[in-house]
Amino acid sequence: MPELPEVETVRRGLQGLIVNRTVKKVHHDTPKGFPNTDADVNNFLLGATITGVRRRAKVLLIDLSTEYTLVIHLKMTGQLVFRAAGVAFGAGHPNDSLIGELPDRSTRVTLTFSDESRLYFNDQRKFGWVRLMPTIGVPNIDFMKKVGPEPLEADFTAEEFAQRFERRKKSPIKVALLDQTVIAGVGNIYADESLWGAKLHPQTLVGNITKNQFKKLYSEVRDVMNLSIEKGGSTDRNYVNAEGRRGSYIDFARVFRREGQPCPRCGTIIVKFRAAGRGTHICPKCQVLE
DNA sequence: CACTTGACCTGTCCGC
DNA sequence: TGCGGACAGGTCAAGT
């Protein structure tokens, strides 16, 4: 589920909730979701204090005082939910939490802190993973070496954005947008939303896109993801923030999951079809394949 | 090398 | 209500 705005929302939440807490106990499944040995856990996780929470692309990095880092990918259905000690339903806001008692049957990792508060990693589909590794080694993992630039960074320009697509001239633009080695963080929701904003059909070949269209797409990608972060991300099914609450971007979506409804720009009925191997939503009048 | 397809899993929804 | 099949927001490996 989570794309850049969702992972960033979780990061911000965790930053305020778990930094300076010390890990007292660890429970995890093995080995696919958590490949480390007991020795790793004993030496570098137990007794460690959380020093910070970072994000790169859709990957979360929880830094520890041992100079190790918990590297976490939520993939489709991963959740990281914090619970204060003795609070069953979401930090005193029971009505806002989508998540009930924890752990539940999707819980795969539990960190218990010294004050008995807990961080749960839940993952229904089990595509996600948590892995403990030396902080210094994080930039060397394959994904980090290949992943493209962060599109929301202040110094990321429209020119650089357009340049990143140059090697994918024969790809449909939606495929290239979803390719994490081109730019980081865009997934299916924000691909559809930004292509609608730029009035580009998802199957338009990159090589046929003009400089001005790229400029527009650049602003749309940034605007859409910034708006989503402001709204706490998109909760379509599984996604929740670090307190188990939903995000509201989906209420502001223009095309995603809006098939059968009118295009907010021209009133034409939004249609859904398959492109780039994914469910794809467009306004057939605003987004015409040249 | 670039592009496509299938695999990884479980849960839900839709049609019969 | 039950059952089969399609589908779900992400990546990676293997195949063409």
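By convention in this document, chain letters (A, B, ...) are assigned in the order of the sequence lines, proteins followed by strands, and residues within each chain are numbered from 1. Quick caveat, the model's predicted, so the values are computed rather than measured. Just so it is clear, the values below take in all heavy atoms, side chains as well, and ignore hydrogens, waters and symmetry mates.
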Starting at [atom1] of [X] and ending at [atom2] of [N], how long is that distance when rounded to a whole Å?
X	N	atom1	atom2	value
A:Glu259	C:dG9	CD	P	11 Å
A:Lys174	C:dG9	NZ	C1'	10 Å
A:Asp192	C:dG9	CG	C1'	10 Å
A:Leu178	B:dA2	CG	P	17 Å
A:Leu74	B:dC9	CG	P	18 Å
A:Arg125	C:dA6	CZ	P	15 Å
A:Lys75	B:dG11	NZ	P	18 Å
A:Met76	C:dC12	CE	P	14 Å

Q: Could you note down all residue pairs passing salt bridge (Lys or Arg N to Asp or Glu O under 4.0 Å) where residues 252-279 of chain A supplies at least one of them, sequence neighbours left out?
A: A:Glu193-A:Arg254, A:Glu220-A:Arg254, A:Asp236-A:Arg257
Q | Side-chain (A:Asn36) to main-chain (A:Arg131) donor-acceptor, under 3.5 angstrom | A |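 No; judged by distance alone, with no hydrogens or angles, the pair does not exist.
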Q: Say whether, by atom type as modelled, one donor and one acceptor occur between the side chain of A:Arg108 and the main chain of A:Tyr120 under 3.5 angstrom.
A: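 No: the side chain of A:Arg108 does not pair with the backbone of A:Tyr120.
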Using 4.0 Å as the upper bound for N to carboxylate O, is an ion pair formed by [Y] and [X]?
X	Y	result
A:Arg118	A:Glu116	yes
A:Glu243	A:Arg83	no
A:Arg21	A:Asp115	yes

Pairwise [atom1] distance for [N] and [M], with rounding to whole Å:
N	M	atom1	answer
C:dC3	B:dC9	P	25 Å
B:dT5	C:dC7	P	14 Å
C:dT11	B:dT12	P	23 Å
C:dA6	B:dG6	C1'	16 Å
C:dC12	B:dG11	P	24 Å

Describe the nucleic acid contact of [X] in one word from base, sugar-phosphate, nothing, applying a heavy-atom distance below 4.0 Å.
X	result
A:Gly279	sugar-phosphate
A:Asn188	sugar-phosphate
A:Arg257	sugar-phosphate

Candidate nucleotides [options], ranked by approach to the side chain of [X] - the nearest:
X	options	answer
A:Asp236	C:dT11, C:dG9, B:dT10	C:dG9
A:Lys146	C:dC12, B:dC8, C:dG9	C:dC12
A:Phe127	C:dG9, C:dT11, B:dC9	B:dC9

Q: Each residue besides A:Phe143 in its hydrophobic cluster should be listed here, by chain and number; the cluster joins Ile, Leu, Val, Met, Phe, Trp and Tyr at side-chain heavy-atom distances under 4.5 Å.
A: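 Once heavy-atom contacts under 4.5 Å are chained together, A:Phe143 belongs with A:Val59, A:Leu61, A:Val71, A:Trp129, A:Met133, A:Val138, A:Ile141, A:Met144, A:Val147.
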When you measure from the side-chain N and O atoms of [X] to the phosphate of [N], is any distance below 4.0 Å, counting only OP1 and OP2?
X	N	result
A:Lys58	C:dT11	yes
A:Lys126	B:dT10	yes
A:Arg274	C:dA8	yes
A:Lys272	C:dA8	yes
A:Gln180	C:dG10	no
A:Arg278	C:dC7	no
A:His73	C:dG10	no

Report each atom pair, protein N/O against N/O of nucleotides 3-7 of chain B, whose distance is under 3.5 angstrom.
unit_1: B:dC3; atom_1: OP1; unit_2: A:Ser171; atom_2: OG; d: 3.3
unit_1: B:dC3; atom_1: OP2; unit_2: A:Arg168; atom_2: NE; d: 2.6
unit_1: B:dC3; atom_1: OP2; unit_2: A:Arg168; atom_2: NH2; d: 3.1
unit_1: B:dC3; atom_1: OP2; unit_2: A:Ser171; atom_2: OG; d: 2.8

(Q) Side-chain heavy atoms nearer than 4.5 Å, only ILVMFWY residues, links allowed to pass through others: does that put A:Phe82 and A:Val7 together? (A)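 Per the 4.5 Å side-chain linkage, A:Phe82 and A:Val7 are co-clustered.
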Q. Cut-off 3.5 Å, side chains only: do A:Thr181 and A:Arg167 have a donor facing an acceptor?
A.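 Yes, a side-chain donor-acceptor pair sits under 3.5 Å.
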Q | side-chain hydrogen bond (donor to acceptor under 3.5 Å, both in side chains) pairs, two or more places apart, involving residues 58-70 of chain A | A | A:Arg54-A:Asp63, A:Asp63-A:Thr69, A:Thr69-A:Thr135
Q.
I'd like to check the side-chain hydrogen bond (donor to acceptor under 3.5 Å, both in side chains) partners of A:Arg11; sequence neighbours left out, ordered by chain and number.
A. A:Glu8
Q: Quick one: stems involving DNA chain B, counted as three or more successive Watson-Crick or G-U pairs, both distances short of 3.5 Å.
A: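 Consecutive-pair runs (3 or more) involving DNA chain B: B:2-8 with C:10-16, B:10-16 with C:2-8.
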